[in-house]
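Encoded as structure tokens, the structure appears first; notes follow it.
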Amino acid sequence: MRKDQIFKWDTLNLGTCYYPEHWDRSLWEDDMKRMLDAGIKTVRIAEFAWNKFEPSEGCFTYDFFDEFLDAAKRLGMKVIFSTPSATPPAWLTEKYPEVLNARMDGVLYRHGMRRHYNYNSPKYRELVSRIVDKIGGHYAGHPAVIGWQIDNELNCETSDFYSESDTTAFRSFLKNRYGTLDSLNQVWGTVFWNQTYTDWEEIHVPRTTIHNSTNPHEVLDYIRFISDSAVSFCRMQSDILRKYVKPGDFITTNGMFGRLDNHRMTDEALDVYTYDSYPNFAYCLSADPKEPGNLNDRWWSMNLTQTRSICPHFGIMEQQSGANGWNTRMEAPAPKPGQLTLWAMQSIAHGADYVSFFRWRTCIMGTEIYWHGILDYDNRDNRKLAEVKELSRRLPAIQAVTGSEYKASFGVLRDYDNEWDSDVDVWHSRLIRSSENEIFKASQLSHSPMDFVYLLDDTDVNELCRYPVLFYPHPLILTQKRADLLKQYVENGGTLVIGARTGQKDITGKCVMEPMPGLLRDLTGSSVREYTFIGPADDPQTMTWGAEQLSTGIFSDILDPDAPDAEVLAVYDRDFYQGSAALVKRDCGKGKVLHFGGTFTFDNVVQFLKYTQALSPWEDLVCLPENCEIAVRVKDQKQYLFVLNYSWNAQKICLKKSVRDMDSGLAATGEVELPPFGTRVYEI
Ligand code: GAL
């Protein structure tokens with residue numbers, strides 16, 4: 001999907017997830033009337049309802065959802081219809097157990113939960129194609145239908161697939177990729193520990209091994225294969241739906257999970273991307289939710305940042321509206337007054353133009369009886385519904401932001417080879433997780449908005465040049481193409497910041513016999529002399545950079561400036577490499593590259609942002625406390641400033657210039673107090 005072909009909502013609008021099959025028909029009309037009254041104009045339905053269309057093999061029936069769609073049309077409710085492939089029926093898995101996914105030891109995942117199928121079973125593909133064709137053919141023309149969701153949360157629950165069909169498909173994937181066994185053996189380095197393959201039939205998806213630490217180069221390809229399988233499964237469905245979808249209606253899928261090239265999937269199969277946002281999950285991640293530095297629900301902005309990299313104008317298919325938990329796990333408390341609205345505004349601030357709450361009413365049966373929706377079991381109006389209503393009344397005042405673009409002051413580069421290598425290589429994952437989290441936290445707390453930018457096959461230099469500063473924290477894997485692109489970016493005036501371990505590996509995940517940063521060495525004019533992990537017994541390492549002493553994180557690449565014009569900006573302060581270079585700068589063309597030997601930490605990121613002039617770009621306009629997030633969306637020369645208060649207390653901000661408060665329509669300047677969880681949108 002080219003960016004200019006993305007489906008765009010023409011107004012900010014609200015929806016909810018509804019399950020007609022969970023409720024007595026007598027509730028449908030009343031539910032929809034109450035939704036419409038609360039400003040909810042769209043429902044997403046049917047993603048787990050295969051039995052309602054095909055109660056037994058080959059017998060198709062449409063009455064149930066016909067009746068629902070007719071009621072929706074009568075009332076003026078719009079519908080996003082879903083394909084039901086996330087939950088195959090019992091009759092299907094019983095008759096065709098080969099459609100099931102398996103554990104690594106080969107035991108099949110049985111009926112009773114969800115997402116228990118595999119993407120590669122020819123039988124499942126045949127049966128899914130048939131049901132998608134049937135329901136697409138039957139329902140897509142209905143006037144209430146405005147869009148389609150494929151499956152539900154591809155790769156959620158598990159992103160590991162070990163069925164027999166996966167092994168067969170993995171072999172084809174590898175034959176296609178490598179042609180011969182000799183080449184595969186070479187790429188996987190199978191000479192190590194005598195793993196050489198002599199027949200394609202000897203190759204399987206990873207199986208139980210001691211410590212389950214199968215050959216890392218094989219596992220890297222296995223992850224690429226999983227992504228490929230999910231994308232082709234999604235594309236298979238969208239190709240079928242395309243035959244029927246009305247002009248103007250869209251095809252999407254929801255959620256964002258690992259081991260899946262979401263950019264490629266969106267490009268090849270979707271019109272728009274939708275994400276499922278549950279900020280309360282983050283409370284489970286924070287040691288102390290009251291500690292001001294802990295971002296808690298604000299961490300979710302990192303996922304929204306990633307979502308935006310896939311699709312700048314996205315939707316939220318499931319927006320948290322209540323406490324979450326299953327009957328098998330307890331997650332987080334009910335949103336406090338104002339918090340439901342805050343989370344919806346968080347999504348909008350990051351680029352969502354459609355926000356659909358999960359779910360209308362809390363389910364009274366099954367695993368998710370504790371995953372609360374807007375309404376509780378008793379079905380009475382409550383404060384969550386009142387908040388949704390209030391939000392819907394507010395949206396017309398901020399409509400102008402629809403379709404505007406998020407404005408970042410710097411970017412963080414990612415690519416799928418490195419993302420997946422960090423799934424296999426624990427050194428890589430420790431570095432990248434910690435650096436990305438610290439960069440994000442520094443960006444949030446210093447009010448310097450950031451984007452993630454993925455290096456994809458077709459990324460061109462102009463996309464990179466939108467960012468004056470790009471961090472590429474730890475690209476262990478480098479390719480010539482990406483190195484060339486980065487060089488162009490720098491020559492064109494960009495500032496590139498790279499961290500420890502850059503350029504250690506090639507595309508197969510094998511280490512290169514070159515000094516790091518490998519393919520970027522010509523650009524940086526520097527190299528890594530030696531390196532060390534900072535062990536638990538070591539004192540934390542720091543570097544002196546001008547007048548500042550700053551932490552260098554959990555790893556030290558000890559650098560040498562090689563080129564005459566490479567300038568040492570900072571040196572390490574301790575240990576056997578005291579005085580050696582920690583940071584080398586080199587100007588190149590109109591830009592510069594900063595080669596840093598450490599990992600990124602809050603304090604060093606702030607210094608990098610200061611040095612590169614990407615820190616706090618809005619400070620002339622607004623000063624605000626750490627626990628408020630700012631986001632700016634831009635359209636047609638107009639800028640919209642969101643201020644989101646995540647704190648449980650009121651917070652004061654100070655507007656240094658006169659701006660227009662979009663809610664009141666009045667000019668605002670000077671001190672403004674936001675209530676706990678309060679949000680403001682200003683036109684500037
Ligand atoms: C999502 C999923 C929904 C529901 C919700 C709450 O991940 O798409 O179907 O399960 O979480 O658990």
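Throughout, residue positions are numbered sequentially from 1 according to the sequence presented. Whatever order the structure lists ligands and atoms in, that order sets their numbers, starting from 1. What you see is a predicted model, and the numbers here were worked out from it, not measured in a lab.
In this pair, Y117 and Y119 present their aromatic rings perpendicular. The plane angle is above 60°, beyond the 30 to 60° band. Using a 30° and 60° split on the angle between ring planes, F677 and W648 fall in the tilted class, from 30° to 60°. The aromatic rings of Y377 and H372 sit tilted relative to each other, their planes meeting at an angle between 30° and 60°. Between F170 and F173, the ring planes are parallel. Angles under 30° get that label, and only those over 60° would be called perpendicular. The aromatic rings of Y416 and H263 sit perpendicular, their planes meeting at an angle over 60°, well past the 30° parallel limit.
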Please tabulate, one line per pair, the protein N or O atoms found under 3.5 Å from any N or O atom of ligand 1, giving the distance to one decimal.
unit_1	atom_1	unit_2	atom_2	d
ligand 1	7 (O)	E153	OE1	2.4
ligand 1	7 (O)	E153	OE2	2.8
ligand 1	8 (O)	N152	ND2	2.9
ligand 1	8 (O)	E153	OE1	3.1
ligand 1	8 (O)	E153	OE2	3.2
ligand 1	8 (O)	E318	OE1	3.1
ligand 1	8 (O)	E318	OE2	2.8
ligand 1	9 (O)	R114	NH1	2.9
ligand 1	10 (O)	R114	NH1	3.1
ligand 1	10 (O)	R114	NH2	2.9
ligand 1	10 (O)	E368	OE1	3.3
ligand 1	10 (O)	E368	OE2	2.4
ligand 1	12 (O)	W326	NE1	3.1
ligand 1	12 (O)	E368	OE2	2.6

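Side chain to side chain, N118 and S163 meet the donor-acceptor criterion of an N or O pair below 3.5 Å.
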